[in-house]
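To start, the structure under review is shown below, and the notes come after it.
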Amino acid sequence: MSVPRHRNGYFMECEAQLKSGMSGEQLLTLAMDMGERMIICGAEANRVEDTIRRICTAYGCIKVDVFSITSYLSATITKPDGCHETQTRRIHSYSHNLDKLEHLNAISRYICVNIPAYNDIETEISNIRPARDFPWYMSIFGYILSSSAFAVFFGGSIRDGLVAGALSALAYVIDMKIKPLGINMLIYNFFCTFLLGVLARCIGLTGVIDNLDKVFIGLVMLYIPGTQMTNSLRDILCGDIMSGLLRLIESVMLAISIALGFATSVVALNVFLH
């Protein structure tokens, strides 16, 4: 086992390479890039940590320590010569892109099986297919269908479903124009649900809506963080308590902001009308 040489009060970086001529810094950078991309796509902590661990082990690391939460990623590898490499990443935002996550999983499996050179992996990662861009009319149809279907499913009339669908079309426009600005999701959800609640209440005053609460239910379904809640419970069940609790707290806060948006719209209009 080689010992890192000491120069000017600092330990020199170990020169030993891993499989396929990969240096420790290159391997850790590669693994962290994969982990960061997976977190941004909405992967749970257990999947991210396992992927980084498998990649580093495949190239010859004798020990890999990984810690991942929704906003932070850290990994330390121990090479066969006993030298250590550590990197950390700060994750500022994430979404839920299961299509891209599937591609990242396929690349990680390819890396573990074939152990390619660093440049080959860089090329493979850079060729990750972008998110599929569906035509606007397909997206808006999905908004309308889900909102109106839920409104009718929970006991609303056909008119309730039509109103919920019309308002969900407005929600789609807001998502396309305002959401890309990067507004805090708590504020964004409150603003959207408050606006939709006010509009639904105003339409209800005309007598078009039979059950206002059913229209609200249909609109709520556009914003409920269901995937995030599911991932939080999976993290907790897998033993990643901290990551699971963070996701759970965030999803609960999002749900509260949604409820407050609709409740505030009803209260505000009741006060204004009386």
Once the angle between the rings of [X] and [Y] is folded into 0 to 90°, is it parallel (under 30°), tilted (30 to 60°) or perpendicular (over 60°)?
X    : Y    : result
F190 : F194 : parallel
H96  : Y94  : perpendicular
F216 : F262 : tilted

So, [X] side chain and [Y] main chain: donor-acceptor pair closer than 3.5 Å or not?
X    : Y    : result
S251 : L248 : yes
N231 : E44  : no
T264 : G261 : no
E49  : S68  : yes
N211 : D213 : no
R90  : S71  : yes
S23  : Q26  : yes
S257 : L254 : yes
S147 : Y143 : no
N114 : P116 : no

**Prompt:** Is the closest side-chain heavy-atom distance between L73 and F67 below 4.5 Å?
**Reply:** no

**salt_bridge(D33, R37) N-O dist < 4.0 Å** = no

**Asked** Any ion pair linking D160 and K214 (charged N to carboxylate O, less than 4.0 Å)?
**Response** no

[X] and [Y]: side chain donor to acceptor below 3.5 Å:
X    : Y   : value
T88  : S74 : no
R234 : N46 : no
T76  : D65 : no

